There are 2 protein chains.
Amino acid sequence: MVNQQPLDGIFHALADPTRRAVVHRLLKGAAPVTQLAGPFDMGLPAFLKHLAVLEGAGLIRSEKRGRVRTCHIEADRLGAAETWLSDQRAIWQGRADRLADFIESQTDQEHEI
Amino acid sequence: MVNQQPLDGIFHALADPTRRAVVHRLLKGAAPVTQLAGPFDMGLPAFLKHLAVLEGAGLIRSEKRGRVRTCHIEADRLGAAETWLSDQRAIWQGRADRLADFIESQTDQEHEI
DNA sequence: TTGTTGGTTCACCATATGGTGAATTATAAG
DNA sequence: CTTATAATTCACCATATGGTGAACCAACAA
């Protein structure tokens, strides 16, 4: 996989329930690693990998103060994904000939009857 | 990976530039497999796996008539992802204390000065 | 019937992903 | 100084992912 467009990382990061839950949690406020990891049934090393994926995708940011690392959400990166999706919807909605697909699917069904 | 929530599959499917391009293409109208595969620099077997991922996620549908399989977009599935994202944005925007994050980050910087 | 075309299946491979337990480091707290 | 806590690193493992080439099947065309 040579390609590494930003959307690749963002969508990949969001394709995991643990990571989505972390995003969801962080939207309500920053939190340190161990506290974030609390609800999940996995070891710290595994959880850190999830955080690394999120941070690599730019969805979160983290700073270490003393021995505690605090994670923050980077909300505008979510916007990048949202934008791509709404662009696609715009294309879909803008189609003049969407009816063709419907008719086609009906024709298919007739053959099955 | 035991968990298989619908969003897992949808986001995973969208985390690949080839698959996003296929979605983009199909939004403009249905197309047969070989024609869809045309622009991409990979063999048919590899491309079929991408289609399988998209179909598994419910993002596309396909029917075979004669020897040609025609693929259609399933646009409402995109909506599921869009909805999750806009829900998250709602949480973010609804936060009363977003300022706290900003102040915290400023405090961090002061210590570095 | 003989190609040719559109898809499919198969066996295989390299790398990525998501997890583990154990050892390690660094900062706080007693 | 000693110990507990927060996080990190390391070696390792099973499975998933994304690709290949070659063989194959089914349908249309000549």
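Note that these values count all heavy atoms, side chains included, but never hydrogens, waters or copies made by symmetry. A, B, ... follow the sequence lines: proteins, then strands. Residue 1 opens every chain. Please read all numbers here as calculations on a predicted model, not as lab measurements.
- With sequence neighbours left out, B:Arg20 forms a salt bridge (Lys or Arg N to Asp or Glu O under 4.0 Å) with A:Asp8.
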When you compare the protein's N or O atoms with those of nucleotides 25-28 of chain D, which come within less than 3.5 Å of each other, and at what distance?
| unit_1 | atom_1 | unit_2 | atom_2 | d |
| --- | --- | --- | --- | --- |
| D:dA27 | N3 | B:Arg67 | NH1 | 3.2 |

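- Toward the 5′ end of DNA chain C lies the nearest nucleotide of B:Gln35, the other residue of the pair B:Gln35 and A:Val68 mapping further downstream.
- For the atom pair A:Lys64 NZ and A:Thr70 OG1, the distance stands at 10.5 Å (nearest 0.5 Å).
- A search for side-chain contact (heavy atoms from CB on, under 4.5 Å) contacts involving A:Gln88 returns A:Trp84, A:Ile91, B:His24, B:Leu27, B:Leu78, not counting sequence neighbours.
- We find that CG of B:Asp16 is positioned 12 Å from C1' of D:dG19, with the value rounded to whole Å.
- Residues from residues 37-51 of chain B that place a heavy atom under 4.0 Å from any atom of DNA chain C, listed by number: B:Leu44, B:Pro45, B:Leu48.
- In this structure A:Arg25 satisfies the salt bridge (Lys or Arg N to Asp or Glu O under 4.0 Å) test with no other residue, sequence neighbours excluded.
- Comparing D:dG18, C:dG18, C:dT8 against the side chain of B:Arg69 picks out C:dT8 as the nearest.
- Applying the side-chain contact (heavy atoms from CB on, under 4.5 Å) criterion to A:Ser86, with sequence neighbours excluded, gives A:Arg89, B:Glu82.
- Residues forming a salt bridge (Lys or Arg N to Asp or Glu O under 4.0 Å) with B:Arg67 (at least two apart in sequence, or on another chain): none.
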Which donor-acceptor pairs under 3.5 Å do the side chains of residues 42-52 of chain A make with protein atoms, sequence neighbours left out?
| unit_1 | atom_1 | unit_2 | atom_2 | d |
| --- | --- | --- | --- | --- |
| A:His50 | ND1 | A:Arg19 | NH1 | 3.1 |

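- Applying the side chain to side chain donor-acceptor pair (under 3.5 Å) rule to A:Glu55 yields the partners A:Ser62; only residues at least two apart in sequence or on another chain are considered.
- When the C1' atom of C:dT17 is taken as reference, atom CG of A:Leu54 falls 14 Å away, rounded to whole Å.
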